[in-house]
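Working notes, beginning with the structure itself.
Predicted, not measured: the structure shown is a model, and the values here were computed from it.
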Amino acid sequence: MKLPPPLSFLPPLPSPPRLPRLPGPRLSSALVGATALELAVLAGHLITYPLGLTPERPESPEHPESRAGSAGSAGSAGSAGSAGSERPESPARTDRPENAPARPLALPVTGDPTAPAAAPPVVLLHGFIDNRSVFLVLRRALTRHGHRRTASLNYSPLTRDIRAAAALLGRQVEAVRARTGHDRVDIVGHSLGGLIARYYVQRLGGDRRVRTLVTLGTPHGGTAVAPGAGLHPIVRQMRGGSPVIEELRLPAPGCRTRFVSFWAELDQVMVPVETACVDHPDLDAVNVRVTGIGHLALPVHPAVAAAVREVLETPETGEADVPVTGATSAA
């Protein structure tokens, strides 16, 4: 007797209903590429980081065209003092923090001493827990193409107050002016460095000394992403609503410095990304949008370096119409 296949008389079970697929995060190719570039920049910077731990070697002789040198003083400190007879001694006001170092460090100026006298020297100021090595690419672009004299400033990662760092920057600017004989300088600051420079310009009278301030990924309006915000006081000052950020919102009538802010639309440190824009009714500012890169790539990207050089070579008249090329666009 032939038996039927087991369970062949049972009807087929219905298939379970398909659950709708939940929408997941979609990473754009641009964001993936920018993240990969950020990692590559970080890896490269870890290699060059030790090169910037020590301050630049001071130059013993001053530039021939320096008014400080032509004053005939033998001591560098005495030269700075004699050259300052026609200028105010310090741009800092009476509200300068008391815990700031009393003496300026020697800040050398490198580059082509035959550069045109009309081109101010450039002071480079790094970001949080960084050093002057972050500007290797930008500095090369400035010195090779623009023949500009540059100076880098290292400030301690243990600095606890943006105000104190801004006062130190003011004294370093005075040292650069004494060495070069220029009345004004240009400053390029990355991230926190740009915020320190803005405080110096806007709150400590530095607009008398700074012609152009270029910021790269600087939290002008405060950022919601501040790693270790509860641990380091200076990082807390970079958050939105901090006393420092609120001070920078105060009126600044007659500010003589022009501001050019480069902000990256894929910057994961600036939240929101528009916080890296300068938005103040009293400031002469232009904001430049950078596409395709993130926070760490701003000071090392060739297109950004070329745009920064172009900004610094532009006369003060009509700076709002500065053309930029490559991965940047005016915004």
side-chain contact (heavy atoms from CB on, under 4.5 Å) against A30, all qualifying residues, sequence neighbours excluded: S28, L266

side-chain contact (heavy atoms from CB on, under 4.5 Å) partner of I234, chosen from I129, T159, V244: T159

Heavy-atom side-chain contact between V214 and D186 under 4.5 Å: no

Distance in Å, H295 NE2 paired with T223 OG1, rounded so as to fall on 0.5 Å steps: 9.0 Å

Heavy-atom side-chain proximity of Q237 to I245 below 4.5 angstrom: no

Flag side-chain contact, heavy atom, 4.5 Å: L31 against Q268: yes

Ion pair check, R171 and E174, cut-off under 4.0 Å: no

Interatomic distance, L169 atom CG to L204 atom CG [nearest 0.5 angstrom]: 9.0 Å

Side-chain H-bond candidate by donor/acceptor type, R198 with T215, under 3.5 Å: no

Distance, nearest 0.5 Å, that separates OH of Y200 from CG of L195: 15.5 Å

CG (D279) with more than 12 external heavy atoms under 6.0 Å: no

Non-hydrogen side-chain atoms of R258 and T314 separated by less than 4.5 Å: yes

Residue pair N154 / H126, side-chain heavy-atom distance below 4.5 Å: yes

Pairwise side-chain contact, C255 with D282, heavy-atom cut-off 4.5 Å (strictly under): no

Ring geometry between F128 and H232 (parallel below 30°, tilted from 30 to 60°, perpendicular above 60°): perpendicular

